[in-house]
Amino acid sequence: MEIAKTYDSAKAEQTWYQYWLEKKFFKSTPDHRTPYTIVIPPPNVTGVLHMGHMLNNTIQDVLIRRARMLGFNACWVPGTDHASIATEAKVVALLKEQGIKKSDLSREDFLKHAWDWKEKYGGIILEQLKKLGASCDWDRTRFTMDEDMSESVIDVFIDLYNKGQIYRGVRMVNWDPQGLTAVSDEEVIYKEAQSKLVYVKYQIEGSSDYITVATTRPETIMGDTAVCVNPTDERYAHLRGKNAIVPIVNRVVPIIFDEYVDKEFGTGTLKVTPAHDINDFNLGQKHQLPSIDVLTQDGKISEAAGAYIGMDRFACRKQIIKDLEEQSIVTKIEDIKNKVGYSERTNAVIEPRLSMQWFLKMDTISKPALDNVLNGEIKLIPEKFVNTYKHWMENVHDWCISRQLWWGQRIPAWYDSQGNTVVAKTKEEAEEKLRIKNPNLKIDDIKQDDDVLDTWFSSWLWPITVFDPQVIKNGKDKANTDLNYYYPTNDLVTAPEILFFWVARMAIAGYEWLAEKPFTNVYLTGIVRDKLGRKMSKSLGNSPDPLDLIEKYGADGVRVGMLLCSPAGNDLMFDESYCEQGRNFANKVWNAFRLIKGFEIANTEQPESSKAAIQWFNNRLSEQLGIINDHYSKYRMSDALMTTYKLVWDDFCAWYLEAIKPEFIDGKALPIDHTTYSATIHYLEDLLKLMHPWMPFITEEIWHLIKERDEKDCVIISEWPQSLSHLNEPLLKEFEVAKELVTMVRNVRAQKQLSPKEKLDVIEKSESSKSHFDNTIIKLANLSSYSYTKEKVENAFSFQINTTEFYIPLSMNLNKEDEINRLTKELEYNKGFLKSVQTKLSNEKFVANAKPEVIAIERKKESDALSKIKTLEEQLSVLN
RNA sequence: GGGAGAUUAGCUCAGCUGGUUCAGAGCACCUGCCUUACAAGCAGGGGGUCACAGGUUCGAACCCUGUAUCUCCCA
């Protein structure tokens, strides 16, 4: 069979993904094996594959593929998240393009449009995941708004409400005036901004005196209901019991005293606007101040303000400063830096706003989720995130779970016209409950809450309901087979950004409803940045399209490139050159295979050099496999990959294949013997297995090109190689010396400008004769002979490896001066080294305190150095 | 403002319990090679005051204190 000169990644990707699907290799059903489970962090239905997904899902695929090969029943559950705000915004925008306003549609009609959108575009990202090779059990694909998934969200709400964990109340929320919804604390991004601190004089009632307040938000002046100073601030002590007059609206408000006020900031005087600032709200509660809401929900000045009605909040800020200046009551405008909150979804400036929302109490419910991370039952990788997690969980706030949107699970709360509220799954049930409170209830008076639940309030159930959506309703005693088998899942791979949004809340849900953790290990990836360290984002345009990368470098190349630069939990500075490295590696593997495949096999005797190389590689592979497994067990993904990379490239290609490669005689390659060939194929197969999780496509392709195989004989379901029970360490060390020797000979050739074709002799000064690798060395270094002597050899190039001396007789004359220089340099280095060792050994405290092993090592260093020095001196004396 | 982490070669990072000739890897770079698997390659090579200043110790990249810079989280 003719093997193509270059590897065609596109073809292999197409062929093998299809084949794996057909043979149902990704499919998992409960059986006698131990399960290994991952649930995908469901990407937004609105999402398209970006580099973050690429990283995240490649890691999951590596883990799941290796688990499959280790004999676990591997199950990777895929799916998408309905993403209330993002999706609703998308649909609203699309309708707008068609000239339809959301406000003109009924809830039902709008949802119809939203579902249409979801059906049409919602699966794109999952299709893209297939391109990178994701081996998900696609039959298990879930959506957070699937009917049964949604039902469980409602059940959970009702359950928590009945447990008294959910309440409704007026609170200061983070209002997104563009999305027209409240968002949770976690969805607010604080950014530093240049703001103006405006100093405004408020007249003291019944006096010509003024008090000056400093504010960054003059547009809320109309909502002021007090002026506050610190009680210890002597500057204002005389104002106790006085009132101030709010400009513009001429409202008389009390001057109150509270230690909250920072004497140093501004003038030490605070205008209190309880409706528009969380701290002012708290002050207002404490001092029983009224709240005046001067903003509308879309961020305009409201009727209640009494001035500037209908003006946009930012326009009003400018205008009001101008007007106050005209009244000559602005004493100063200062440029300051402060933090301004922006909506994660719409990027609008968040407006703290009082509104009626639903909340989940977090204090007691979050306890087990904290304890079980602290006691190691759930592991965060890397560990440093435990601190962050702990800090958040210990200071957790009640969770605002209502959103003023339509796309999502509608809150199962029902109201009558009398102000009664009940929580019930259906209107019928609600009617029953309401009728108890209100016997005159009319059916038409029953109204369901208009709001939906926060998306995270549905995705926190993900690891549970993807397996058994009924378990909330039925109780964990009646959990189905899937849940009993797959839960708790093994590993969760996600971004640290959603540690609180999602990870913490899944842990809470797991303990709340199943009394068990949802996952054992949480692997937190870094953020993909460009090489300037900027986060990759659409708006910056600094993110390559992963699908373009796949086309350019092959899926395997991109996967390798991605993971080469991804230390756990640290951000990765991505650069396309990593993908290039990945592609080059694939090319190397392809060519190694081409070489092997091109061998002509014959019934010839196995050369000693091959026999020794096989023995060595057998041990080497086993040794490195141990290291690779260890890296995996510690989730050091890039280390596991790099160890595999070097095992293949350096050990297998550069040393092993060179050692067993048949020689050319008269321009014709000799055949290879059967024993060596089959060992080589065996090693290649083992290496393909080790590479498979990283490079699924090329490994499967080569696996099948090696020979005709049964339809289910695929590397994807092959068995992960086993380590030897006993490693031959001395043999491994001996080969390291052999490598050094070969390198030395190559160096001599380069230095003396000898052709690689010219054969040389190497003589080892040694008591014994013959070692394992003599013939291998002869071959690799292109020697005519490798011999032993007990005597010094004169007029030869000489060098030492460890304490052994070697000679290479050369036909040409050695340049004496060069040799003397070289040897003198080495001598000096060794003398210096000896001195440092001897200083250490003559230090009584060292000898008294250091461990015996350490002292023994130092003694060995001393004697080795002495022997080296002796040899070098002898060599030099000969030259002189 | 409070907390966490980081700083090692040009870049990205390892360095696990303080002790092997310990200062490493990959990439990049330089030199020489189109040697019949591979120039997406082969063979060689240079490159670091381990952020800075102290301290502990027989011994510090590693432990402690302080300083600087950066990143993240929370308010």
Side-chain angles (χ1 to χ4, degrees), chain A residues 3 5-7 185-186 188 190 262 265 278-279 339 341 382-392 394-397 496-497 499-500 526-527 529 531 533 553 557 561 564-567 569-575 577-578 580-599 630-631 634 636 638-639 641-643 645-646 649-650 653-654 657-658 661 664 667-669 742-743 746-747 749-751 753 755-757 782 802 829-830 832-834 836-837 839-851 853-858 860-861 864-865 868:
Chain A
I3 304 296
K5 183 135 191 200
T6 48
Y7 166 61
D185 293 342
E186 290 73 31
V188 181
Y190 290 91
D262 179 356
F265 187 80
I278 180 66
N279 297 308
K339 297 270 175 135
E383 226 173 322
K384 64 175 181 183
F385 284 107
V386 173
N387 281 330
T388 321
Y389 183 87
K390 176 168 180 269
H391 188 256
W392 188 79
E394 283 173 347
N395 298 286
V396 68
H397 296 108
E497 301 163 293
L499 186 58
F500 311 126
I527 295 164
R529 298 174 180 279
K531 61 177 173 180
Y553 300 104
L564 275 174
C565 61
S566 62
N570 283 332
D571 291 356
L572 52 113
M573 308 298 159
F574 179 81
D575 188 80
S577 66
Y578 287 108
E580 200 180 326
Q581 194 182 346
R583 181 203 55 185
N584 293 355
F585 183 47
N587 181 56
K588 184 73 189 177
V589 173
W590 184 254
N591 279 296
F593 164 67
R594 284 210 312 142
L595 171 69
I596 297 166
K597 195 66 187 167
F599 290 154
D630 184 56
H631 284 318
K634 290 168 181 150
R636 294 184 192 151
S638 49
D639 290 338
L641 172 57
M642 188 43 75
T643 310
Y645 177 96
K646 286 198 278 191
W649 199 310
D650 299 345
C653 295
L657 287 179
E658 290 302 330
K661 189 161 101 177
F664 275 81
K668 199 175 170 298
V742 171
T743 304
R746 286 173 182 165
N747 268 331
R749 278 210 166 86
Q751 268 176 41
Q753 297 185 314
S755 154
K757 285 180 182 158
N782 193 27
N802 298 329
Y829 171 82
N830 278 288
F833 178 69
L834 177 67
S836 77
V837 174
T839 312
K840 213 185 253 192
L841 282 168
S842 61
N843 182 331
E844 280 171 36
K845 285 186 176 169
F846 171 72
V847 181
N849 293 323
K851 281 181 262 175
E853 310 89 273
V854 175
I855 296 171
I857 288 164
E858 293 302 317
K860 173 91 168 50
K861 284 192 214 168
D864 284 359
K868 273 196 164 182

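A, B, ... follow the sequence lines: proteins, then strands. Residue 1 opens every chain.
- Between Y7(A) and M573(A), the one whose closest nucleotide on RNA chain B sits nearer the 5' end is M573(A).
- With hydrogens and angles ignored, the 3.5 Å screen pairs no side-chain donor or acceptor of N587(A) with any backbone N or O of R583(A).
- For N395(A), no side-chain nitrogen or oxygen approaches OP1 or OP2 of A75(B) to under 4.0 Å.
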Output the pairing pattern of RNA chain B as a dot-bracket string, 5' first, Watson-Crick or G-U wobble with both distances under 3.5 Å, | for cross-strand pairs, [ ] for crossing pairs.
(((((((..((((.....[....)))).(((((.......))))).....(((((..]....)))))))))))).
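- If you find the closest nucleotide of RNA chain B to R583(A) and to K851(A), the one lying nearer the 5' end belongs to K851(A).
- Rounded to whole Å, atom P of C22(B) lies 8 Å from atom OH of Y829(A).
- Contacts of T388(A) with the nucleic acid, taken as non-hydrogen atoms under 4.0 Å apart, involve only primed sugar atoms and P, OP1 or OP2.
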For nucleotides 24-26 of chain B, tabulate all protein N/O to nucleotide N/O atom pairs closer than 3.5 Å, reporting atom names and distance.
from   : atom 1 : to      : atom 2 : distance (Å)
A25(B) : O2'    : K646(A) : NZ     : 3.1
G26(B) : O2'    : Q581(A) : NE2    : 2.5

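- Not a single salt bridge (charged side-chain N to carboxylate O under 4.0 Å, His left out) links K588(A) to another residue, sequence neighbours left out.
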Are there any protein N/O atoms within less than 3.5 Å of an N/O atom in nucleotides 30-39 of chain B, and if so, which ones and at what distance?
from   : atom 1 : to      : atom 2 : distance (Å)
A37(B) : O2'    : N591(A) : OD1    : 2.8
A37(B) : O2'    : R594(A) : NH2    : 2.8
A37(B) : N6     : E658(A) : OE2    : 2.9
A37(B) : N3     : N591(A) : O      : 3.0
A37(B) : N3     : A592(A) : N      : 3.3
C38(B) : O4'    : N591(A) : OD1    : 3.0
C38(B) : O4'    : N591(A) : ND2    : 3.4
C38(B) : O2'    : N587(A) : ND2    : 3.2
C38(B) : O2'    : N591(A) : ND2    : 3.4
C38(B) : O2     : K588(A) : NZ     : 2.9
C38(B) : N3     : K588(A) : NZ     : 2.8

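- In this structure, H391(A) atom NE2 and G3(B) atom P are separated by 8 Å, rounded to whole Å.
- In this structure, the CH2 atom of W590(A) is 18 Å from the P atom of A40(B), given to the nearest Å.
- Residue H631(A) places no side-chain N or O under 4.0 Å from the OP1 or OP2 atom of A14(B).
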Detail all sub-3.5 Å separations between protein N/O atoms and N/O atoms belonging to nucleotides 56-63 of chain B.
from   : atom 1 : to      : atom 2 : distance (Å)
C58(B) : O2'    : N843(A) : ND2    : 2.8

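- A salt bridge is defined here as a Lys NZ or Arg NE, NH1 or NH2 lying under 4.0 Å from an Asp or Glu carboxylate O, and K868(A) with D864(A) fails to meet this definition.
- Between E580(A) atom CD and C27(B) atom P the separation is 11 Å, expressed in whole Å.
- At a threshold of 4.0 angstrom between heavy atoms, the contacts of N830(A) include nucleobase atoms, whether or not backbone atoms are also involved.
- One atom, CZ of R529(A), and another, P of C13(B), lie 11 Å apart when rounded to the nearest Å.
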Distances under 3.5 Å only, N/O to N/O: pair up the protein atoms with those of nucleotides 44-50 of chain B.
from   : atom 1 : to      : atom 2 : distance (Å)
G44(B) : O3'    : N747(A) : OD1    : 3.1

